[in-house]
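Here's the structure we're looking at; comments come further down.
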Amino acid sequence: MLTQENSLRSLALDSVTLLSEPFGVTNIHNFSTDQRTRISLFATNVELDPGEPISVITAQAETSTQIFLLTVEAFRAVPNFPWLKQIVVKLPDEIANSIEVRVSINVRGTASNKVLVKVKP
């Protein structure tokens, strides 16, 4: 997964507003009725085979004491950059009181690096 230059901090954006962190677990600027924040994570070297479902991609957020599964809602190539992939995940309630979490993805059993994502209450 991509990080900001010389950092472990994620290169992530709110999937609707395209703003960077910190991310609230909920916000009023989204396309869903559940008011949940979705963030776009960016990665390289991730491909799906033809016809393969996005369910082969999983994501998780970790605090120092717990691991939370993140719902992967979309996977696509970034327009004009076919080597760059966008993975959209929904943030769970359980991380609302965290200051930051370590996020990773897993594709068919292969785990990515962990990137830091700043969260706000």
Has the side chain of Gln35 got a donor or acceptor atom that lies under 3.5 Å from a matching backbone atom of Thr26? no
Closest heavy-atom contact between Val103 and Ala61? CG2-CB, 4.2 Å
Nearest 0.5 Å, please: how far is CD1 in Ile39 from CG in Leu13? 9.0 Å
I'd like to know if the side chain of Asp49 and the backbone of Glu52 have a donor-acceptor N/O pair within less than 3.5 Å. no
Report yes or no: do Thr58 and Asn106 form a side-chain donor-acceptor pair below 3.5 Å? no
Minimum heavy-atom separation for Ser98 and Thr63, please, with both atom names. OG-CG2, 3.4 Å
Go through the steps for Leu91 and Val101 under the test side chain to side chain contact (heavy atoms under 4.5 Å, CB included), then give the verdict. CA-CA 11 Å; Leu91 298 182; Val101 293; over 6 Å; no
State the CG-CG distance between Leu8 and Asn113, to the nearest 0.5 angstrom. 8.5 Å
Rounded to the nearest 0.5 Å, what separates atom CZ in Phe23 from atom OG1 in Thr17? 8.0 Å
Which heavy atom of Ala96 sits nearest a heavy atom of Val25, and at what distance? CA-CG2, 3.6 Å
Whether over 12 other heavy atoms sit under 6.0 Å from Leu19 CG: yes
Show me the donor-acceptor pairs, under 3.5 Å and distance only, between side chains in residues 64-77 and residues at least two apart or in other chains.
{"from": "Glu73", "atom 1": "OE1", "to": "Arg38", "atom 2": "NE", "distance (Å)": "2.7"}
{"from": "Glu73", "atom 1": "OE2", "to": "Arg38", "atom 2": "NH2", "distance (Å)": "3.1"}
{"from": "Arg76", "atom 1": "NH1", "to": "Gln86", "atom 2": "OE1", "distance (Å)": "3.3"}

Output for pair (Asp14 CG, Ser20 OG), nearest 0.5 Å, gives 10.0 Å
Val115 to Met1 - nearest heavy-atom pair and separation: CG2-CE, 3.2 Å
Supply the atom-to-atom distance Glu21 CD to Leu11 CG, rounded to the nearest 0.5 angstrom. 9.5 Å
Just grab all the salt bridge (Lys or Arg N to Asp or Glu O under 4.0 Å) pairs involving residues 87-102, residues at least two apart or on different chains. Arg9-Glu100, Asp34-Lys90, Arg36-Asp93, Glu62-Arg102
For Ser10 and Leu116, indicate whether the former's side chain and the latter's backbone hold a donor-acceptor pair under 3.5 Å. yes
